[in-house]
Amino acid sequence: MIVVASAGNSGNTPYLVGTPSSGNGVISVAASDPTKSFPGARLQLGTGATQNAINANGATFADGLSLPVKVLSNGAGGIALGCSTAEFNQPGVAGALVVVARGTCGRVAKAVYGQAAGAAAVLMVNNAASYPPYEGPITSNPDNGEPANVTIPFLGVPLSAAATLLAADGSTTTLTNLPLDNPTYLGLASFTSGGARTGDSWLKPDVTAPGVSIFSVGNGTGTGSVALSGTSMAAPHTAGEAALVKQAHPEWRKVSYWKAAIVNTADPAKVFSYSTRLGGAGLIQAPGAVNTQAVALGDAGTATLNYGFQELGGNFSGRKTIKVKNFGRTPVTFTVAVDRPAGKPHTTRLQKNRITVPARGETTVDLTLAVPAATAGDSTAYNDVSGLVTFTPVGTSNAGVALRVPYYLVPQAVSKVSTKLDTEKLKRTGTATATVTNRKGATTGTADWYAWGLTDPRDKAQGSTDLKAVGVQSLPADSMIAFAVSTHARWSNPSANEFDVYADVNGDGVDDYAVSGVDYGLITTGDLTGRMATAVTDLRTGDGTIEFFADAPYDSSTLTLPVLISQLCAEGSPCLSADNPRLTYHATSRGIVDATSDTITGTASFNAFTPAVSTGMVDEIAPNGSATETVTVNRAEFARTPLSVSWSSAATTPAATRPS
């Protein structure tokens, strides 16, 4: 049985490709946009600004249609989601162009609810830099399956238009029909989930197929159609091709061979701004997959060479083997070359540049991949290395069908930062000099100083939710503190987990605030986006604030959660301040995509304004370099908020950034 599965619709961030498509033997399918143009509208806003929008359901309206603009409020100065008729129950909705935000409920459901509430048009602000997809006629509510006939325009704009529309709230707009060229024509969909695969960083998805504004039969409509977007639209295209391949080659008898034919013959040239990480081998091509008599196999169950995730303490070199199998009755000859190298600087060496595979026979070709550690990149960004090994038929070999095998590596150069400190002198005199070194490190390391408060031993089968240590630092110049969380195991994308630090700021033994490292999209719209934010919740009221993204690298085990002091001083709730400077904290974690969780037993205390030990220093240490720091202990404060374990330095990423 050939299994074809959607890669997922969580966006292009690394490590979001979903199960079951991540399995070795499964064909994981990304989505591309096959629509060259679509109906649109030009909005002349009362503020003087203009904005183009996609007319996502193709509803008709007369040029010059004038409507009041109503931004559906979320009560916090932002745009509401519009995920129920009740949510549209706000003054000014009836007869207006109502602005909502994408997220949580089905896109077209917002138009259904808006029309039911009396809106004359609904405009959705996308959660990406592109227009949302063309939907076609809206005949049902995807949230509940109930029939619906939306006749009002359902418009869509990129995320960048949000500020313009917020400013136009309460004004009017004039609509003019304006057909739009699709700027993402043949490109990968903004929603298609990004690879690589979580855990080992093997390449997924495998291939790409059309998945935006796909018209098919509408279940229950008689002879009607429905237009949908998603990798769930791309996977059926590929399943159809798989059926053709199996029908054409029943004698192959192995899923890995049929899968290889589909992957080998996919075309990267037919994907605009092609990316191996997002699109696999390229756009599926049924004629080539059916006509090929040879397949090129990579790692077990795949047609790819997966070098995986590699921490580089020095230059990387790895060799893998491609097996080319000829099912035909005549020999086939290919020239062999590396095509479309991308990502971090690297070199490749092929064992052979020309092969002849005998009838009913097979041969192998080795690829050696080399990556210099000096240019591989560190944990401050996601780094990858990719390309295609291309087998070009000579003459009429293999019916003229070329074969391609992607190769993929996720490298990360590592530092070797360590710190020496005479703790006996520090205890005796209250001050000592620490020496930080990076001997034989492959890249510059950052030592960011925290008071180490909590520690926890390794647990079995907990993965990257297995808490190791938690600490905190004071940043008085910025009116901030920051928590650092370290785990025993590496995560691929930190947003697969949630990390919660609970703080009691008035010493009554009751938690007042939760400081959480959690996926930004999940907590704001309900849709996973793969980027972690620092969310602070007032446990008395349940109200929350987000001021910063977390410093949470990919493929790491340490993250930091920056917090403004003011976020721990909500009106009417206990307040961390210069007059009340101490907090007591404890920590938990849980998996968002699995059932793992962890809790550190006990609590730690910290003075956010006068720490017991020096914190907040930052040292950049070049390979084989060193730095010194003067560490001091405030004896009086140490007696009140002692470090329960020790003090140490932790490697982190650069300064915190705020969500846009």
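Along the sequence shown, residues are numbered consecutively beginning with 1. Given the structure is predicted, the values throughout are model-derived calculations rather than measurements.
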Please check if any side-chain donor atom of [X] sits under 3.5 Å from a side-chain acceptor atom of [Y], or the reverse.
{"X": "T265", "Y": "Q285", "value": "no"}
{"X": "N264", "Y": "R404", "value": "no"}
{"X": "S418", "Y": "T437", "value": "yes"}
{"X": "Y408", "Y": "D384", "value": "yes"}
{"X": "S556", "Y": "S379", "value": "no"}
{"X": "S464", "Y": "N497", "value": "yes"}
{"X": "D466", "Y": "T487", "value": "no"}
{"X": "D619", "Y": "W449", "value": "yes"}
{"X": "D378", "Y": "T444", "value": "no"}
{"X": "D598", "Y": "S589", "value": "no"}
{"X": "T184", "Y": "N182", "value": "yes"}

Who passes side chain to side chain donor-acceptor pair (under 3.5 Å) against [X], sequence neighbours left out?
{"X": "S10", "answer": "none"}
{"X": "N9", "answer": "T231"}
{"X": "R277", "answer": "none"}
{"X": "R340", "answer": "none"}

Side-chain contact test, heavy atoms from C-beta onward, threshold under 4.5 Å: evaluate it for [X] versus [Y] and give yes or no.
{"X": "V357", "Y": "S397", "answer": "no"}
{"X": "F391", "Y": "I322", "answer": "yes"}
{"X": "Y407", "Y": "V389", "answer": "yes"}
{"X": "R197", "Y": "N24", "answer": "yes"}
{"X": "L350", "Y": "V338", "answer": "yes"}
{"X": "V207", "Y": "I27", "answer": "yes"}
{"X": "F483", "Y": "V515", "answer": "yes"}
{"X": "K352", "Y": "V336", "answer": "no"}

Exam field: side chain [X] to backbone [Y], donor-acceptor pair closer than 3.5 Å:
{"X": "H237", "Y": "A209", "value": "no"}
{"X": "S495", "Y": "M532", "value": "yes"}
{"X": "N398", "Y": "P393", "value": "no"}
{"X": "K204", "Y": "G280", "value": "no"}
{"X": "N315", "Y": "A373", "value": "yes"}
{"X": "S32", "Y": "L188", "value": "no"}
{"X": "D527", "Y": "G521", "value": "no"}
{"X": "D519", "Y": "T529", "value": "yes"}
{"X": "N383", "Y": "Q412", "value": "no"}
{"X": "K259", "Y": "V26", "value": "yes"}

Less than 3.5 Å apart, which donor and acceptor atoms pair up between the side chains of residues 621-628 and the rest of the protein, not counting sequence neighbours?
from: N624; atom 1: OD1; to: K440; atom 2: N; distance (Å): 2.8

side-chain contact (heavy atoms from CB on, under 4.5 Å) partners of N353, counting only residues at least two apart: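 Checked N353 against side-chain contact (heavy atoms from CB on, under 4.5 Å); zero matches.
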Applying side-chain contact (heavy atoms from CB on, under 4.5 Å), can you list everything that pairs with A189, at least two apart in sequence or on another chain? A31, F191, T192, V212
Residues which pass salt bridge (Lys or Arg N to Asp or Glu O under 4.0 Å) with [X], listed by chain and number, not counting sequence neighbours:
{"X": "R439", "answer": "none"}
{"X": "D456", "answer": "none"}
{"X": "R590", "answer": "E498"}

Would you please test F334 and I355 for side chain to side chain contact (heavy atoms under 4.5 Å, CB included) and show each step? CA-CA 5 Å; F334 298 95; I355 60 170; 4.2 Å; yes
Could you point out which residue of T465, L559, T198, D555 forms a side-chain contact (heavy atoms from CB on, under 4.5 Å) with W491? L559
Testing T390, L388, T276 for side-chain contact (heavy atoms from CB on, under 4.5 Å) with P268, which one passes?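 Of T390, L388, T276, side-chain contact (heavy atoms from CB on, under 4.5 Å) with P268 is met by L388 alone.
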Ignoring hydrogens, what is the shortest heavy-atom contact between [X] and [Y]? Give both atom names and the distance.
{"X": "P494", "Y": "P553", "result": "CD-O, 3.7 Å"}
{"X": "M617", "Y": "T630", "result": "CE-O, 4.4 Å"}
{"X": "A266", "Y": "G282", "result": "CB-O, 3.5 Å"}
{"X": "A296", "Y": "A260", "result": "O-CB, 4.0 Å"}
{"X": "A234", "Y": "A30", "result": "CB-O, 3.4 Å"}

Donor-acceptor pairs under 3.5 angstrom involving side-chain atoms of residues 474-481: please list them, not counting sequence neighbours.
from: S474; atom 1: OG; to: A608; atom 2: O; distance (Å): 2.6

Roughly how far apart are E311 CD and R490 CZ, rounded to 0.5 Å?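 Those atoms lie 7.0 Å apart.
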Do any side-chain atoms of residues 299-307 form donor-acceptor pairs under 3.5 angstrom with protein atoms, and if so which ones, sequence neighbours left out?
from: D299; atom 1: OD1; to: K320; atom 2: NZ; distance (Å): 2.9
from: D299; atom 1: OD2; to: N306; atom 2: N; distance (Å): 2.6
from: D299; atom 1: OD2; to: N306; atom 2: ND2; distance (Å): 3.2
from: T302; atom 1: OG1; to: D299; atom 2: N; distance (Å): 3.2
from: T302; atom 1: OG1; to: D299; atom 2: O; distance (Å): 2.8
from: T302; atom 1: OG1; to: T304; atom 2: N; distance (Å): 3.2
from: T302; atom 1: OG1; to: T304; atom 2: O; distance (Å): 3.1
from: T302; atom 1: OG1; to: T304; atom 2: OG1; distance (Å): 3.4
from: T304; atom 1: OG1; to: N306; atom 2: ND2; distance (Å): 3.0
from: N306; atom 1: OD1; to: L203; atom 2: N; distance (Å): 2.8
from: Y307; atom 1: OH; to: L367; atom 2: O; distance (Å): 3.0

Kindly determine whether L409 and Q310 satisfy side chain to side chain contact (heavy atoms under 4.5 Å, CB included), including the steps that lead there. CA-CA 8 Å; L409 165 72; Q310 299 288 340; 3.4 Å; yes
Could you go step by step and tell me if V29 and T208 meet the side chain to side chain contact (heavy atoms under 4.5 Å, CB included) rule? CA-CA 5 Å; V29 189; T208 301; 5.9 Å; no
Would you say CZ of F272 has more than 12 non-hydrogen atoms from neighbouring residues, nucleotides or ligands within 6.0 angstrom? no
Taking the six-membered ring for Trp, are Y382 and Y15 ring centroids under 6.0 Å apart?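 They qualify: ring centres under 6.0 Å apart.
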